[in-house]
Amino acid sequence: MFALVENGQFVKIVNSNKGITINDNQYPKSIFSLWTNEEREAIGIYEVVVDSSNKQDEYFYINTDISYSYADNVVTGSYGTATAKPLDDVLFTQSEIDADEYLEGVEAGDVKVKGLKKLEIEKIKAQASGLIAPTDWYVVKATEVADYDVPSDVATYRTNVRAKSNEMETQINACSDVDALKTLFTWVYDEDTNTSSRPLASFPEVI
């Protein structure tokens, strides 16, 4: 990424896929690949250094646009402070509905934006359903064949999947902020045991 600097001020980000005109001088796009930094800087073109220290995981946070500045012969692109996405559902208010003619049919209290907790719980429920589904035929057969019972290991597995799903939902609902939720899903490698683990519970192995 390159920027144009004039009179010691950042002017704009420039497209490195085409030539550029500076002070009535036309330069080919090859200056971005063949020229040295010193040669480009002599005509006011600087390679941008991006500072990502404020950038957060985009699933959990809304990052700001990058702002650019020029100082000490360097153009820096920086993110502002990221905003955490809502943990809980954001609901429509009556005042929003009254002010927006396109919200016909929407009622106060309807979900406007799903919170991160609900999104993660929906995923957990879908995972649990997917794990249990292959053994559903045992249960169906047991309801249709009088002398057939669901094998004990299958019944235990299905119970354990549901229990773990409930446990994970409880952990998610207990999170008081986005960082706590993010930590639940963060895998940490243990060099002593050569294994990875995360705070969030895990489903039992598929039988």
Side-chain angles (χ1 to χ4, degrees), residues 1-90 96 100 102 111-124 126-127 130 168 172 175-200 202-203:
M1 186 189 305
F2 296 91
L4 174 63
V5 172
E6 293 179 347
N7 300 319
Q9 298 291 323
F10 166 81
V11 177
K12 64 179 180 179
I13 296 296
V14 298
N15 187 347
S16 61
N17 292 319
K18 64 180 183 179
I20 185 172
T21 300
I22 303 174
N23 297 326
D24 295 327
N25 295 313
Q26 178 67 38
Y27 298 94
K29 67 178 182 180
S30 59
I31 68 170
F32 298 105
S33 58
L34 299 181
W35 284 23
T36 65
N37 284 336
E38 291 75 13
E39 290 172 325
R40 283 191 295 264
E41 290 170 8
I43 62 171
I45 300 295
Y46 287 75
E47 190 165 8
V48 177
V49 177
V50 178
D51 177 4
S52 297
S53 56
N54 284 334
K55 187 177 182 182
Q56 300 290 337
D57 187 325
E58 294 181 354
Y59 180 78
F60 295 97
Y61 290 86
I62 300 171
N63 289 297
T64 68
D65 293 333
I66 300 177
S67 60
Y68 301 93
S69 62
Y70 174 77
D72 300 324
N73 213 40
V74 176
V75 174
T76 304
S78 305
Y79 289 89
T81 302
T83 301
K85 292 183 179 179
L87 276 178
D88 300 307
D89 291 347
V90 177
E96 287 176 317
D100 192 336
Y102 295 104
V111 176
K112 180 180 180 181
V113 178
K114 287 184 180 181
L116 290 173
K117 287 182 179 180
K118 175 173 284 186
L119 291 171
E120 291 304 326
I121 287 174
E122 286 178 347
K123 292 179 186 177
I124 295 300
Q127 284 180 276
M168 284 186 267
I172 290 169
C175 291
S176 59
D177 56 41
V178 169
D179 284 340
L181 181 63
K182 183 179 177 182
T183 298
L184 281 182
F185 293 88
T186 301
W187 290 89
V188 178
Y189 179 72
D190 187 332
E191 293 184 354
D192 293 333
T193 61
N194 197 33
T195 59
S196 294
S197 61
R198 65 179 185 182
L200 188 70
S202 297
F203 286 111

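Sequence positions, counted from 1, serve as the residue numbers for this chain. Since the model is a prediction, treat every value here as computed from it, not as a measurement.
Between the side chain of S33 and the backbone N or O of K29, no donor-acceptor pair lies under 3.5 Å. Between the side chain of R40 and the backbone N or O of W35 there is at least one donor-acceptor pair closer than 3.5 Å. Panel note: side chain N23, backbone N25; no donor-acceptor pair is recorded below 3.5 Å. The main-chain N or O of C175 is found under 3.5 Å from a side-chain atom of K117 such that the two form a donor-acceptor pair. When atom types are taken as modelled, the side chain of N15 and the backbone of N17 share a donor-acceptor pair closer than 3.5 angstrom. A donor-acceptor pair is defined here as one N or O able to donate and one able to accept, closer than 3.5 Å; no such pair exists between the side chain of D72 and the backbone of V74.
Taken from CG in L119 to CD1 in I124, the straight-line distance is 12.0 Å, to the nearest 0.5 Å. Here the OH atom belonging to Y79 is positioned 11.5 Å from the CD atom belonging to Q56, to the nearest 0.5 angstrom. Rounding to the nearest 0.5 Å places OG of S16 at 9.5 Å from CE of M1. Atom CD of E120 is separated from atom NZ of K114 by 12.0 Å, given to the nearest 0.5 angstrom. Atom NZ of K112 and atom CG of D89 lie 12.5 Å apart (nearest 0.5 Å). Taking CG from L184 and CZ from R198, the interatomic distance works out to 8.5 Å, rounded to the nearest 0.5 Å.
In this structure, Y61 and K85 approach most closely via the heavy-atom pair O-CE, 3.7 Å. Of all heavy-atom pairs spanning I43 and L4, the tightest one is O-CD1, 4.5 Å. When all heavy atoms of Y189 and S196 are compared, the pair lying nearest together is CD1-OG, 3.6 Å. Taking every heavy atom of both residues into account, A84 and V178 meet most closely at CB-CG2, 3.6 Å. Considering all non-hydrogen atoms of both residues, V14 and A3 come closest at CG2-N, 4.2 Å. The two residues D177 and A180 have their closest heavy-atom pair at OD1-N, 2.8 Å.
Under the 4.5 Å side-chain criterion, counting only non-hydrogen atoms from C-beta, I31 is not in contact with E39.
Below 30°, between 30° and 60°, or above 60°: for F185 and F60 the angle between ring planes is between 30° and 60°, a tilted geometry.
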Note to self: What verdict does the side chain to side chain contact (heavy atoms under 4.5 Å, CB included) test give for N54 and T64, after you've listed the backbone C-alpha separation in whole Å, the side-chain angles of each residue and the deciding distance to 0.1 Å?
What the structure shows: CA-CA 9 Å; N54 284 334; T64 68; over 6 Å; no
Next item on the list: Decide yes or no on side chain to side chain contact (heavy atoms under 4.5 Å, CB included) for I172 and L200, but give the supporting numbers first.
Entry: CA-CA 8 Å; I172 290 169; L200 188 70; 4.3 Å; yes
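Of the candidates Y70, Y68, Y46, F10 forms a ring pair (Phe, Tyr, Trp, His ring centres under 6.0 Å) with just one, namely Y68.
More than 12 heavy-atom neighbours from other residues, nucleotides or ligands sit within 6.0 angstrom of CG on D190.
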